[in-house]
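Just follow the structure's listing: the first ligand is 1, and inside any ligand the first atom is 1.
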Amino acid sequence: MTLITDTISRAADTASPILPVLAGRWSPRGFDSSAVIDESTLTTVLEAARWAPSASNLQPARYIVARRGSASFAKIHATLMGFNRAWADAASVLIVNVANLPIDETRENPWARYDLGQAVAHLTIQAQHEGLHTHQLGGFDAPALAQAFGLGDDQAVVSVTVLGVLGDPDALSPELLERERSPRIRKPLAELLLVND
Ligand SMILES: Cc1cc2nc3c(=O)[nH]c(=O)nc-3n(C[C@H](O)[C@H](O)[C@H](O)COP(=O)(O)O)c2cc1C
């Protein structure tokens, strides 16, 4: 199978070389609405998240995994903001990223969201390695999502990951196509280093 990934490169223009899988990751909106991710690859991608480090090895990350066509997928998609809903329905899988907040009855884990983000980062890189693409989302109705899946106050809905196979960008609306092709930019490294002694 020739993936569109093979013909489009949005690789980062780095000042110093980084791993190709890191440089090659980007967040598309044009996904192939017919692509199905095989179960073993999906498990591999989730396994990468499972093996992320976490504070005190508390492993606070939880996931709602929904394949396109499932009732859960429809529920997640319905909570997305319009600008995300317009394209995310073509994903193969939508994953809701949830942070388990308590350490025990009295204490909250201050690193729960940090650890969740790190686990999701691992997932995105494994997905890239598998020839898949991810696009993380903050634009959704978190309370509606929590209610739809019966989550409690001790479980924070932090983000949604769109996971799938790159599709034909020309199928996007002109506005989304422009975003799809706009340059990938970053602040200079020097601006990020508060101290570089
Ligand atoms: C926590 C988080 C929330 C995001 N929310 C959205 C979103 O709601 N809609 C969207 O189109 N992109 C969203 N993005 C994608 C970012 O805009 C994107 O990662 C950033 O512009 C850098 O582009 P790149 O991933 O292609 O390098 C989000 C990314 C993260 C990490």
State the atoms of ligand 1, each with its element, that fall below the 4.0 Å cut-off from a heavy-atom position in [X].
{"X": "Arg186", "value": "22 (C), 24 (P), 27 (O)"}
{"X": "Trp26", "value": "26 (O)"}
{"X": "Gly139", "value": "8 (O)"}

Only counting residues at least two apart or in another chain, list the ones meeting side-chain hydrogen bond (donor to acceptor under 3.5 Å, both in side chains) with Gln118.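 None.
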
Is [atom] close to the protein, meaning a heavy atom under 4.0 Å from it?
{"atom": "atom 27 (O) of ligand 1", "answer": "yes"}
{"atom": "atom 16 (C) of ligand 1", "answer": "no"}
{"atom": "atom 20 (C) of ligand 1", "answer": "no"}

Report, as yes or no, whether the 6.0 Å neighbourhood of atom [atom1] on [X] holds more than 12 heavy atoms from other residues, nucleotides or ligands.
{"X": "Glu47", "atom1": "CD", "answer": "yes"}
{"X": "Asp38", "atom1": "CG", "answer": "yes"}
{"X": "Asp13", "atom1": "CG", "answer": "no"}

Return a yes/no value for Phe83: is any of its N or O atoms, backbone included, closer than 3.5 angstrom to an N or O of ligand 1?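 Min N/O separation from ligand 1 is not below 3.5 Å for Phe83.
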
Out of Ile185, Val158, Asn84, indicate the one that has the non-hydrogen atom closest to atom 9 (N) of ligand 1.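 The nearest heavy atom belongs to Asn84.
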
When you measure from atom 29 (C) of ligand 1 to each heavy atom in Arg179, Gln136, His135, Arg29, which option holds the nearest one?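 That would be Gln136.
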
Pair Asp170 + Arg181, salt bridge at N-O below 4.0 Å: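 Looking at Asp170 and Arg181, the cut-off is met.
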
Partners passing ring pair (Phe, Tyr, Trp, His ring centres under 6.0 Å) against His135 (at least two apart in sequence or in another chain):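 Partners of His135 by the ring pair (Phe, Tyr, Trp, His ring centres under 6.0 Å) criterion, ordered by chain and then number, come out as Trp87.
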
Any donor and acceptor pair, going by atom type alone, linking the side chain of Asp32 with main-chain N or O of Ala90 inside 3.5 Å?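 It does not hold such a pair.
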
Under 4.5 Å between any side-chain heavy atoms of Val165 and His133, yes or no?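 The answer is no, as the side chains (C-beta and beyond) never meet within the 4.5 Å cut-off.
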
Non-hydrogen atom of Arg10 closer than 4.0 Å to ligand 1: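 No; Arg10 lies far enough from ligand 1 that no heavy-atom distance drops under 4.0 Å.
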
Which residue supplies the protein heavy atom nearest to atom 5 (N) of ligand 1, what is that atom called, and how far is it?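 The closest heavy atom on the protein side is Gly138 N, 2.8 Å.
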
Closest protein heavy atom (residue, atom, distance) for atom 25 (O) of ligand 1: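 Looking only at protein heavy atoms, the one closest to atom 25 (O) of ligand 1 is Ser27 OG, 2.5 Å.
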
Could you walk me through whether Arg67 and Glu39 pass salt bridge (charged side-chain N to carboxylate O under 4.0 Å, His left out), step by step? CA-CA 10 Å; Arg67 294 152 186 81; Glu39 289 298 314; 2.8 Å; yes

Report the part of Met81 in contact with ligand 1, treating N, CA, C, O as backbone and CB onward as side chain, heavy atoms under 4.0 Å; options are side chain, backbone, both, neither.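 None of Met81 does.
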
